[in-house]
Asks: 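Shown below is the structure under consideration.
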Amino acid sequence: MKKLIFALFVCTCFYGTAQTTTELQKHYEAFYNQMRLQGDIDGVINALTHLNVLSPSKERMDTLAYIYANDNQHLQALNTIGIEKLATDSDLAVQVKAISLKALNQPKRALEQFEVLNTREPNAYLAYELADLKIQTGDNAGALTHIEYGIANATDEMKYAFYERQQPYEVSLKAAFMHLKGLVQFNMDKTNIDAAIAIIDEALKMDPNFNLASLSKQALESRKEAPAEPKQ
C-alpha cells in the first residue's frame, strides 16, 4: 500500500512539473512575441534564454547568438554557440561565428568560418571579407584571388559599409575591392608605391568620398616622401 501511495505521489509530482514547464514555455513564447513587437532586444534575449533552458533547441540557440551578434554583443554570441568549426553548423551559426570572431580581432579563426560560408554559397560580399582577412593574415596572393572574383561579380548597386569615422558611410563594393587591391599591390612590391597609389586612385574615382581609401593614399604618399634610411 505504501509503495502504491509513493508511486501515485511521484506520478502526481511529475505531472505537476510537466504542466508547470508547459505553462512556462507558453508564457515565454508569448513574452518573446511581445518583445519582438516592441523591438525590445533585451527582452527578446531574455525570452529566448528562458525558452532554451525549458526546451533546448539548436535553432533557437542559433537565433539567440545572431541577436547577440547583431547587437554587437559578440562575446555573448560566441559563448552561446562556441567558436569551433563544425560541419553540422547551420549557415546562420557559421555567419555569427565569422562576424563575431572578426569583430573580436580573431582574423585566423574568422577566416575559417568565412571559408565555410564561401564553399556553401560564394558571393561578392564574402569575397570581400575573405580578401580583407587574408591581407590581415599575410596571404596576399590568396587575397588577390578573392579581389579579382569580387570585382568581376560585384554589381554597381552593391555597397559596403565602413565605420572608421564617427559617422558610418557606404561606398561602392567595387571601389572597396579596388582599395584592397591597392593594399595588396603595396604589400607584394613595396618598391613600387606609385602602382599602389594608382590603384587606390581608381577606387577614389568610383567613390570620391571613400575616406579609408583617402587615408591609405595619404599613408602611401608619406612613405614615398619619407627620406631613405642611411646605409650602415
Asks: Using modelled atom types and a 3.5 Å cut-off, is there a donor and acceptor pairing between side-chain atoms of Asp207 and backbone atoms of Ser172?
Replies: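 Such a contact is found between Asp207 side chain and Ser172 backbone.
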Asks: Do Lys159 and Leu173 have side chains that get closer than 4.5 Å, going by heavy atoms?
Replies: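 They are not in side-chain contact.
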Asks: According to ring pair (Phe, Tyr, Trp, His ring centres under 6.0 Å), who are the partners of Tyr160, at least two apart in sequence or on a separate chain?
Replies: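 If we apply the ring pair (Phe, Tyr, Trp, His ring centres under 6.0 Å) test to Tyr160, skipping adjacent residues, the hits are Tyr128, Phe162.
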Asks: Test the Lys181-Phe177 pair against the cation-pi criterion, namely NZ or CZ under 6.0 angstrom from the six-membered ring centroid and within 45° of the ring axis.
Replies: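 Not flagged: Lys181 not positioned over aromatic ring of Phe177.
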Asks: Quick check against the 3.5 Å criterion: does Thr119 have a side-chain atom that pairs as donor or acceptor with the backbone of Val116?
Replies: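 Present.
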Asks: Same hydrophobic cluster for Tyr125 and Leu144, using side-chain heavy-atom links shorter than 4.5 Å among ILVMFWY?
Replies: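 The answer is yes; both residues are in one hydrophobic cluster.
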Asks: Verify the neighbour count for atom CD of Glu121: are there more than 12 heavy atoms of other residues, nucleotides or ligands below 6.0 Å?
Replies: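 Counting other residues, nucleotides and ligands, CD of Glu121 stays at 12 neighbours or fewer.
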Asks: Please determine whether the number of non-hydrogen atoms from other residues, nucleotides or ligands lying under 6.0 Å from atom CZ of Arg60 exceeds 12.
Replies: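 Yes - once you tally the heavy atoms of other residues, nucleotides and ligands closer than 6.0 Å, there are more than 12.
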Asks: Less than 4.0 Å between a side-chain N and a carboxylate O, is that true for Glu202 and Lys174?
Replies: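 Salt bridge between Lys174 and Glu202, a charged N being under 4.0 Å from a carboxylate O: no.
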Asks: Within the structure provided, determine whether Gln73 and Ile67 are in side-chain contact (heavy-atom separation under 4.5 Å).
Replies: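 A side-chain contact is absent here, since even the closest heavy-atom pair is not under 4.5 Å.
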Asks: Does the side chain of Thr137 come under 3.5 Å of the side chain of Asp139 through a donor N or O and an acceptor N or O?
Replies: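 Their side chains do not contain a donor-acceptor pair, so the 3.5 Å distance test is not met.
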Asks: Identify each donor-acceptor pair in which a side-chain atom of residues 47-56 lies under 3.5 Å from a protein atom, sequence neighbours left out, and give them as a table.
Replies:
{"residue": "Thr49", "atom": "OG1", "partner": "Ile45", "partner atom": "O", "Å": "2.7"}
{"residue": "His50", "atom": "ND1", "partner": "Asn46", "partner atom": "O", "Å": "2.9"}
{"residue": "His50", "atom": "ND1", "partner": "Asn46", "partner atom": "OD1", "Å": "2.9"}
{"residue": "His50", "atom": "NE2", "partner": "Tyr28", "partner atom": "OH", "Å": "3.3"}
{"residue": "Asn52", "atom": "ND2", "partner": "Leu48", "partner atom": "O", "Å": "3.2"}

Asks: In chain order, what residues pass the ring pair (Phe, Tyr, Trp, His ring centres under 6.0 Å) check against His146, with sequence neighbours excluded?
Replies: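 Scan of His146 (ring pair (Phe, Tyr, Trp, His ring centres under 6.0 Å), adjacent residues dropped) gives none.
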Asks: Please find the pair of heavy atoms, one from Asp89 and one from Glu84, that lie closest to each other, and give the distance.
Replies: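 Heavy-atom minimum between the residues: OD2-O, 3.9 Å.
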Asks: Are Phe210 and Met178 connected in the hydrophobic side-chain network, where two residues link if heavy atoms are under 4.5 Å apart?
Replies: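 Yes: a chain of side-chain contacts under 4.5 Å links Phe210 to Met178.
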Asks: Could you tell me whether Lys205 and Asp201 make a salt bridge, using a distance below 4.0 angstrom between a side-chain N and a carboxylate O?
Replies: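 Between Asp201 and Lys205 there is no salt bridge, as every charged N stays at least 4.0 Å from the carboxylate O atoms.
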